[in-house]
Each structure stands twice: as structure tokens, then as C-alpha cells.
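Each ligand, and each atom within it, is numbered from 1 in the order the structure gives.
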Amino acid sequence: MPTLTVRTRSRTEFVDITADVRQAVRASGVRSGLCVVYCPHTTAAVTIQENADPDVVRDMLLWLNQHIPKDVPGFRHAEGNSDAHIKASLVGPSVTIPVEDGDLTFGTWQGVYLCEFDGARNRTVRVKVWGESSGSVG
Ligand code: ZN
């Protein structure tokens with residue numbers, strides 16, 4: 001199963017990983033099936049969102065940080081990153097994308113993002129693709 005390593009550069013950040021996921025789908029040889037993008041972390045997540053206007057994910061991050069601030073009276077988790085755990089659970093650890101003709105069936109404005117909530121650090125994303133391969137590839 002392909003594993004992507006994503007270097008994040010801020011405490012909270014959305015990183016567009018669409019090109020890497022597409023590459024993993026192509027490398028799998030699967031023509032028709034499913035692609036699961038899975039983030040094995042408790043303070044990061046993955047989502048599908050618009051990748052045409054970068055202000056969309058910027059505004060999402062602004063809203064999440066405003067509504068789930070780092071320091072909330074009563075938080076007890078000793079690492080001090082309870083906000084990151086909450087954000088990761090709300091956004092979710094995985095997305096599933098149908099694959100047809102050997103490619104993601106994304107809409108025109110869709111991309112897949114790693115959502116960093118406690119960076120900066122190196123993150124792992126697993127890409128599992130399965131389904132039917134055609135007889136001739138490439
Ligand atoms: Zn923690």
C-alpha cells in the first residue's frame with residue numbers, strides 16, 4: 001500500500017495532496033474501483049474540498065481555529081493539544097473516492113487535503129486502491 005510522507009510547515013494547515021494520490025492510483029493499475037486515503041494520526045485528518053480558490057481552505061482553517069481555540073479553560077490533556085484532537089475527529093481520518101478509467105472521479109473543483117492541526121511535522125498518509133484492472137495498461 002502506498003504511503004505518502006507529507007511535511008507540514010505550520011501548526012494548522014491544509015496541504016493539497018491530490019497529485020500524490022492521483023499518482024498512487026495510476027501506479028496501482030486499477031481502472032475501476034475505490035481509493036481510500038487514510039490518515040493514521042490523532043491530530044491530523046483528511047478531507048476533500050475546493051482546490052481552485054485557496055481562500056476556501058484558508059477560511060475553513062480560520063473558522064476551525066476560531067471555534068476550537070488551543071487553550072480552553074478546563075482542558076486537562078497534558079500535551080496541551082486537545083484542540084487538535086477535536087479538530088481531527090470532526091474532520092475525520094479518511095475519505096473514499098471512486099476510481100474510473102484509472103483516475104479519481106473528482107469534480108472539477110475538488111482536491112484532497114491533509115489537514116494538519118498540531119504541526120509542523122512529518123505526517124503519513126496511506127493510499128489504498130482496489131478494484132478491477134484492465135488487461136492492457138499504458
Ligand atoms: Zn495529544
Side-chain angles (χ1 to χ4, degrees):
M1 178 178 1
T3 299
L4 312 178
T5 300
V6 182
R7 173 77 191 150
T8 64
R9 304 188 184 286
S10 305
R11 180 160 194 272
T12 60
E13 176 185 18
F14 281 32
V15 181
D16 188 339
I17 59 171
T18 309
D20 292 328
V21 174
R22 274 216 150 89
Q23 177 56 38
V25 170
R26 292 199 179 110
S28 75
V30 170
R31 302 293 300 167
S32 177
L34 290 172
C35 171
V36 170
V37 181
Y38 176 72
C39 176
H41 301 286
T42 60
T43 57
V46 290
T47 195
I48 293 170
Q49 253 310 329
E50 173 169 334
N51 66 355
D53 179 359
D55 281 344
V56 172
V57 294
R58 177 204 164 275
D59 289 354
M60 287 179 65
L61 200 52
L62 179 76
W63 190 92
L64 283 167
N65 287 333
Q66 283 176 343
H67 288 78
I68 311 168
K70 187 172 190 304
D71 298 309
V72 172
F75 276 175
R76 292 172 61 171
H77 179 43
E79 278 188 319
N81 62 354
S82 289
D83 66 312
H85 290 285
I86 294 166
K87 290 166 190 162
S89 274
L90 289 177
V91 174
S94 70
V95 294
T96 304
I97 307 152
V99 172
E100 292 299 340
D101 299 323
D103 197 7
L104 304 169
T105 57
F106 269 160
T108 305
W109 311 117
Q110 286 184 311
V112 57
Y113 290 86
L114 170 81
C115 309
E116 175 64 82
F117 297 121
D118 194 27
R121 57 170 107 177
N122 285 323
R123 295 298 197 172
T124 296
V125 177
R126 299 194 197 288
V127 182
K128 178 74 175 179
V129 187
W130 75 101
E132 301 167 7
S133 307
S134 72
S136 60
V137 173

- Query: Can you name the residues that form a salt bridge (Lys or Arg N to Asp or Glu O under 4.0 Å) with D118, not counting sequence neighbours?
  - Reply: R11, R121
- Task: List, by chain and number, the other hydrophobic cluster members for V129, where Ile, Leu, Val, Met, Phe, Trp and Tyr join if side-chain heavy atoms come within less than 4.5 Å, directly or indirectly.
- Result: L4, V6, V15, I17, V21, V25, V30, V37, V46, I48, V95, I97, V99, L104, F106, V112, L114, V125, V127
Show me the side-chain donor-acceptor pairs of residues 85-93 shorter than 3.5 Å, one per line, residues at least two apart or across chains.
{"residue": "H85", "atom": "ND1", "partner": "T42", "partner atom": "O", "Å": "3.3"}
{"residue": "H85", "atom": "NE2", "partner": "H77", "partner atom": "NE2", "Å": "3.2"}
{"residue": "H85", "atom": "NE2", "partner": "N81", "partner atom": "OD1", "Å": "3.2"}
{"residue": "K87", "atom": "NZ", "partner": "N65", "partner atom": "OD1", "Å": "2.8"}
{"residue": "K87", "atom": "NZ", "partner": "I68", "partner atom": "O", "Å": "3.2"}
{"residue": "K87", "atom": "NZ", "partner": "D83", "partner atom": "OD2", "Å": "3.0"}

- Non-hydrogen side-chain atoms of L64 and F117 separated by less than 4.5 Å: yes
- Query: With a 3.5 Å cut-off and no angle check, do the side chains of S133 and R31 form a donor-acceptor pair?
  - Reply: no
- Query: If you leave out waters, which protein N, O or S atoms are less than 2.8 Å from the Zn ion (ligand 1)?
  - Reply: H77 NE2, E79 OE1, N81 OD1, H85 NE2
- Query: So do V57 and E50 actually touch side chain to side chain, heavy atoms under 4.5 Å?
  - Reply: no
